[in-house]
Structures are given as C-alpha cells and as structure tokens.
Amino acid sequence: MAQPPERASSRPARSRFMTQQSFGGHRAVTIRHLTAHVGEEVLVQGWLYNMRSKGKLHFLQVRDGTGIVQAVVFRGNVPDEEFEAAGRLTQESSLRVVGTVKADERSPGGVELQVSKLDVVHVAEPYPITPKEHGVGFLMQHRHLWLRSRKPAAILRIRDTVIRAIREFFHRREFACVDSPMFTPSACEGTTTLFKVDYFGDEAYLTQSGQLYGEASAMALGKIYVFGPTFRAEKSKTRRHLTEFWMVEPEAAFYDLEDVMDLGEDFVSTIVGAVLAERRDDLEILERDIAKLEPAAQKPYPRITYDQAVEILHADGHADFPYGEDFGAPHETAIGARFDRPVLVYNWPAAIKAFYMKRDPDNPAIALGVDMIASEGYGELVGGAQREDDLAALEERIAEHQLPREAFEWFLDLRRFGSVPHGGFGLGLERTLAWITGVEHLRQCIPFPRMLDKIYP
RNA sequence: UCCCCGAUAGCUCAGUCGGUAGAGCGGCUGACUGUUAAUCAGUAGGUCCGAAGUUCGAGUCUUCGUCGGGGAGCCA
C-alpha cells in the first residue's frame with residue numbers, strides 16, 4: 001500500500017497511526033465541496049469511476065461518495081511514471097490526486113481538477129459492474145459493489161437525510177426515543193408469520209412491531225417513538241415487501257385519533273421538506289419528478305373516511321368493490337391518484353382492523369384507525385390509531401381474536417394503572433423512501449435487502 | 001400458497017424450419033492534447049442452467065429438476 005511521502009507532524013512516533021487527510025501539504029477536500037475551492041490546490045481521494053484517454057491526456061472520472069469530478073492528467077504536468085500509472089488504472093481503482101480546482105464548462109460538473117500529483121493506492125481487478133446496462137438479478141448479487149453506483153449512492157444519502165429528519169422531528173416535539181426489544185415471546189397481533197428463533201431452549205420470535213412496548217413507554221414518558229428494524233416472515237414476493245425493514249412508531253399519551261392524524265401529516269410533510277431542501281441534487285440523479293413531490297411538503301393533507309374512500313372506488317373503475325373489505329394494491333393506487341399529496345383514510349370497519357384499536361363510542365362497528373396512502377401508487381405509508389384504553393373492552397377484543405391472554409397480561413396492566421386515551425402510528429421507512437425517491441422496488445431503499453429466499457450478500 | 005415469464009461469452013441480448021455459436025459493451029494490445037457511457041484498428045473469450053428423452057443430427061422439440069424475475073394474497 002502506498003504511503004503519503006510527507007506528513008506534518010512533530011511527533012513522528014505516532015505518524016503511522018495518523019490521519020491520511022493531507023498529502024504533499026495539501027488538505028483533503030470532498031468532491032461535494034470542490035466548488036468552494038476554485039483556484040486552490042487540493043487533495044481528492046476516491047475511486048476511478050470511468051476513464052477516457054486521448055494520447056497525452058487522461059480524463060479520470062473520480063468519485064468519493066459525495067460526488068464525481070473529472071481529474072485531467074496531462075503528460076508533462078506530472079512525472080512520466082505517474083502519467084503511465086494513470087493509464088494503467090482500471091475501473092474502481094483507488095487513488096489520491098493533488099490538483100488545482102478549475103472552473104471549466106467543458107467538464108461534467110462545472111469544475112475539474114488539473115492534476116499535479118497522482119498516487120495509485122490500489123489497482124482494481126476487472127470490475128463486474130460496467131457503465132452499461134445490467135439486470136436486477138446480477139446487480140443484487142453484487143449489491144456490495146452496486147452501492148458505489150450513482151443511483152444507489154444517491155438513495156443511501158437520501159435515506160440518511162430521512163433518518164436524521166425523523167429523529168430531529170421527534171426531538172423538537174419532545175418525543176423520547178425508546179427502543180423496543182427485537183426478541184419477543186409472542187406475536188404482537190397474532191396474524192402474520194414471524195421468524196422463530198431458539199431462545200435458550202424456548203421459542204421466541206423476532207419482533208414484527210414495537211408498538212405494544214411503545215404504549216408501555218408512552219405511559220412512562222408521555223411522548224415516545226420506537227425506531228428500529230422489524231421482521232416479517234411472510235412469503236411475499238413483490239416489489240413492496242422485505243423480510244427485514246425499518247419502522248418508526250411514535251406513541252403518545254392523551255392523543256386521540258385527530259391528534260394522531262395531525263402528527264402524521266406534520267411528520268411526513270416535514271420529512272419530504274427536509275429531502276427537498278437537502279438532497280435536490282440526489283433527486284435529480286434519480287430523475288425524480290420533483291413537481292409531483294413538492295405538494296407533499298405542504299400541510300394539510302386531505303382526510304377522508306373509509307366510507308368516502310369506498311365512494312371514490314365505486315366512482316372510479318372499482319364499482320364492484322365490496323363495502324367492508326380492506327383495500328388491495330390497485331384500490332390504494334386509485335384512491336391515492338385522486339390527490340396531489342398523501343391522503344389520510346380514517347374510521348375503518350372494526351372487523352378488518354387490529355384488536356388494539358379503540359372503537360368509535362358512537363358506532364362500535366367503526367375503529368378509530370387511520371392509514372396514510374401515498375400518491376403515485378406507492379401504497380400505505382402509515383398505519384395508526386387511537387388505542388383501546390378500556391380494560392374490559394380490550395379483554396373482549398383479545399378473546400374475540402383468540403389471542404393468548406396470558407401473553408398480554410402486561411399490556412392489560414397499562415389499562416389497570418392510570419389508563420389514558422393514547423394513540424400512535426407506524427411508518428415504514430423503506431416504503432416512504434421508495435415514494436420519495438420514485439424507485440420502483442423497496443430493495444433499492446435499504447443497503448442490504450433481506451427478501452424471500454434472498455440473504456446474500 | 002397460487003399464477004405468469006426467463007436461463008446462450010464477464011455483462012445486456014440475438015439465434016429463422018431442428019443442420020458449423022453470434023452482436024454490442026466490457027477485457028487485453030496499439031493510435032490520438034478536451035474526452036462527456038469518447039473514437040478508431042486489432043485480439044482473446046462458450047459445460048448454450050442440469051438430467052433424461054425424441055432424432056441421422058438438439059441452443060432450438062418433450063419431460064422432470066434447479067435457479068432467477070414479475071404479480072396475487074398477506075402486509076409497512
């Protein structure tokens with residue numbers, strides 16, 4: 001491995017452990033910030049994305065994870081052996097270059113680097129992902145390398161922004177982050193298939209939701225959110241499913257359904273606003289139609305009841321939709337298409353909703369639940385509800401759903417000791433990202449997706 | 001669990017009626033001082049997913065299997 005020839009240090013004993021953030025006296029600058037250093041000689045460190053050579057001239061497209069810059073190597077501007085070394089670089093070879101930042105319209109990106117020094121760190125073996133077309137199966141087998149490509153990297157940066165916006169949103173509204181366990185003794189809702197693990201000889205499951213623990217935490221801290229991975233062993237094989245995905249689940253004491261809906265629209269519009277403010281360049285890399293996203297950064301979001309949603313379906317090509325059933329993918333698409341931003345659908349038939357949802361006091365057939373449906377066919381982003389806070393009613397629900405009562409005793413305790421109205425929702429991180437970035441498949445929105453029969457790399 | 005589609009060079013694919021295995025890109029060699037997924041010339045590269053069958057002859061037809069892609073249901 002090549003070492004920098006000189007390092008500014010008066011303590012040489014530490015030098016081999018020291019930073020590599022300078023070279024030849026020049027400070028490292030990330031490509032994203034090069035435009036602020038026009039005229040300066042700086043160090044750029046990264047990987048070779050592509051190269052074009054023209055005689056005594058090499059055009060190196062260098063990427064460093066923050067952007068791509070063209071580094072121009074003229075024979076004569078660098079020692080001959082460095083020029084020859086540049087000519088032998090292969091795609092994804094790692095390198096450090098020192099050069100002067102120049103504004104140049106001929107260069108992709110507006111600025112380029114006139115290279116005065118080139119240090120080849122590692123010459124890569126022939127790289128499997130070429131700058132040409134590849135199939136999804138091939139790219140998924142090489143996910144660990146695919147992450148280096150422009151679009152996957154843009155999605156990961158947006159994911160980072162969304163995660164930070166989520167934590168900041170709740171921090172500013174004084175919701176405390178409370179982590180729920182990954183191992184659980186039983187199903188939360190008892191419906192979907194869970195991953196079973198051996199827990200010192202006992203059966204345990206990987207969590208499918210942190211909500212019930214979130215309710216307990218909200219009784220302790222008032223306003224909380226759970227943010228972590230979630231596991232579903234459903235044999236779902238579609239672009240809208242992962243077996244491991246991230247979910248954020250706020251829960252708040254003294255919140256009713258309307259408070260939950262207020263929080264939900266505030267939350268999603270804030271996240272979209274953060275991405276529009278910070279990651280516009282990445283949305284452009286992804287060729288996202290920003291005009292279709294911008295309304296979602298504005299409150300309020302439309303709110304309709306389940307009954308009104310069914311009316312939309314009946315008027316809009318789904319005349320045979322039976323009242324009382326849950327919406328399938330095409331139904332959600334049809335409802336979402338009616339609005340320019342996500343729509344909140346509330347007051348659902350209780351029969352198709354989870355046991356923990358509170359019933360409408362005026363109509364026991366209605367559950368005080370809400371789904372947020374994205375525009376453009378991305379489906380359900382949020383599912384939430386006001387929770388059942390009455391002990392007797394919740395005991396009745398558990399019996400109706402034939403759930404193992406003993407597993408829920410602790411949950412029932414929350415209704416025995418100072419029960420209060422409360423509510424919350426869950427938001428699927430990857431589904432939200434797929435909608436924001438406009439990508440078609442959830443697997444592109446998580447670094448290393450876990451899917452049915454797919455766990456490599 | 002069910003339905004549909006596919007598997008040929010490193011990658012993306014073509015391969016006619018069953019008759020000698022093809023292209024583009026990538027790799028390698030060389031040329032070029034402004035390339036924009038550079039261009040030009042040359043060159044190497046094949047267990048046609050596996051097994052069995054039909055046939056004088058199978059990448060091509062039949063059966064079974066494996067792997068992959070898409071969708072339904074279920075869900076976020």
Side-chain angles (χ1 to χ4, degrees), chain A residues 49-61 68-77 83 87-88 90-92 102 104-110 112 114 124-142 145-146 149-150 187-189 191-194 207-211 229-249 268 325-332 352-354 371-374 378-384 425-435 440-443 445-446 451-454 456:
Chain A
Y49 190 75
N50 196 7
M51 176 167 73
R52 289 176 284 273
S53 293
K54 202 170 191 315
K56 298 181 172 58
L57 192 53
H58 296 305
F59 298 100
L60 313 181
Q61 315 292 327
I68 295 176
V69 69
Q70 173 160 282
V72 185
V73 186
F74 276 99
R75 182 187 285 283
N77 283 7
F83 183 84
R88 287 191 299 270
T90 53
Q91 190 187 351
E92 285 303 314
K102 284 183 59 181
D104 193 319
E105 288 179 2
R106 295 171 299 181
S107 184
E112 67 178 22
Q114 289 290 341
E125 295 177 22
Y127 192 66
I129 302 177
T130 60
K132 293 287 175 181
E133 286 175 27
H134 297 282
V136 173
F138 175 81
L139 290 170
M140 284 308 311
Q141 278 297 319
H142 296 82
L145 301 177
W146 190 24
S149 299
R150 285 168 67 92
C188 289
E189 301 176 33
T191 51
T192 51
T193 318
L194 303 185
T207 184
Q208 63 158 205
S209 167
Q211 181 201 313
T230 300
F231 307 90
R232 303 275 169 93
E234 296 151 7
K235 303 255 180 187
S236 300
K237 195 180 175 183
T238 84
R239 71 181 71 176
R240 294 182 310 280
H241 291 88
L242 299 167
T243 55
E244 178 185 317
F245 65 96
W246 282 64
M247 193 151 68
V248 55
E249 300 174 279
V268 174
E325 293 210 352
D326 206 352
F327 302 137
H331 308 125
E332 289 182 348
I352 55 169
K353 285 294 179 184
D371 283 4
M372 184 188 293
I373 297 173
Y378 283 93
E380 185 184 334
L381 300 176
V382 163
F425 62 80
L427 173 135
L429 177 65
E430 288 77 15
R431 278 205 186 162
T432 305
L433 274 167
W435 165 60
E440 62 186 51
H441 204 303
L442 247 55
R443 66 187 159 201
C445 295
I446 189 167
M451 294 178 289
L452 182 64
D453 295 330
K454 191 177 264 300
Y456 178 93

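Note on naming: letters A, B, ... go to the chains in the order of the sequence lines (proteins, then strands), and numbering restarts at 1 for each one.
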Rounded distance in Å between the C1' positions of B:C49 and B:A7: 6 Å
Side-chain N,O (A:K54) to OP1/OP2 (B:G34) below 4.0 Å: yes
Polar side-chain contact A:S236-B:G73 base: donor and acceptor under 3.5 Å: yes
Side-chain donor/acceptor of A:E112 to base of B:G34, under 3.5 Å: yes
Nucleotide B:G10, atom C1' - distance to CD of A:E133 in whole Å: 16 Å
Upstream residue (5' side of RNA chain B) when A:P330 and A:Q114 are each assigned their closest nucleotide: A:Q114
Sugar-phosphate, base or nothing in reach of A:F74, heavy atoms under 4.0 Å: base
Which residue lies more 5' along RNA chain B, comparing A:L427 with A:R88 via nearest heavy atoms: A:R88
Sugar-phosphate, base or nothing in reach of A:T432, heavy atoms under 4.0 Å: nothing
Separation of B:G69 C1' from A:Q141 CD (nearest whole Å): 13 Å
d(NE2, A:H58; C1', B:C32) in whole Å: 12 Å
Between B:C25 (C1') and A:F138 (CZ): distance, integer Å: 13 Å
Touch class at under 4.0 angstrom, heavy-atom based, for A:L429 against every strand present: nothing
Touch class at under 4.0 angstrom, heavy-atom based, for A:G135 against every strand present: sugar-phosphate
Proximity to the side chain of A:K237 - top-ranked nucleotide from B:U33, B:G71, B:C75: B:G71
Sugar-phosphate, base or nothing in reach of A:H441, heavy atoms under 4.0 Å: sugar-phosphate
Base B:C75 paired with A:H241 side chain (donor-acceptor, <3.5 Å): yes
From B:G34, B:C75, B:G68, nucleotide with atom closest to A:E234 side chain: B:C75
Atom-pair distance (CG on A:L57; C1' on B:G34), nearest Å: 6 Å
Sugar-phosphate, base or nothing in reach of A:R443, heavy atoms under 4.0 Å: sugar-phosphate
Atom pair distance, as rounded to whole Å: CE in A:M51 and P in B:U35: 17 Å
Ring geometry between A:H142 and A:F138 (parallel below 30°, tilted from 30 to 60°, perpendicular above 60°): tilted
Touch class at under 4.0 angstrom, heavy-atom based, for A:R75 against every strand present: nothing
Sugar-phosphate only, base, or nothing, as touched by A:T238 at under 4.0 Å among non-hydrogen atoms: base
Flag, side chain of A:R232 to backbone of A:Q208, donor-acceptor distance under 3.5 Å: yes
Assigned partner base of B:U66, Watson-Crick or wobble definition, under 3.5 Å: B:A7
Under 3.5 Å donor-acceptor, A:E430 side chain and A:W246 backbone: yes
Separation of B:C11 P from A:L139 CG (nearest whole Å): 11 Å
Distance, rounded to the nearest Å, where A:Y456 contributes OH and B:G68 contributes C1': 16 Å
Sugar-phosphate, base or nothing in reach of A:I129, heavy atoms under 4.0 Å: nothing
N/O (side chain, A:R240) to phosphate O (OP1/OP2, B:C74) under 4.0 Å: no
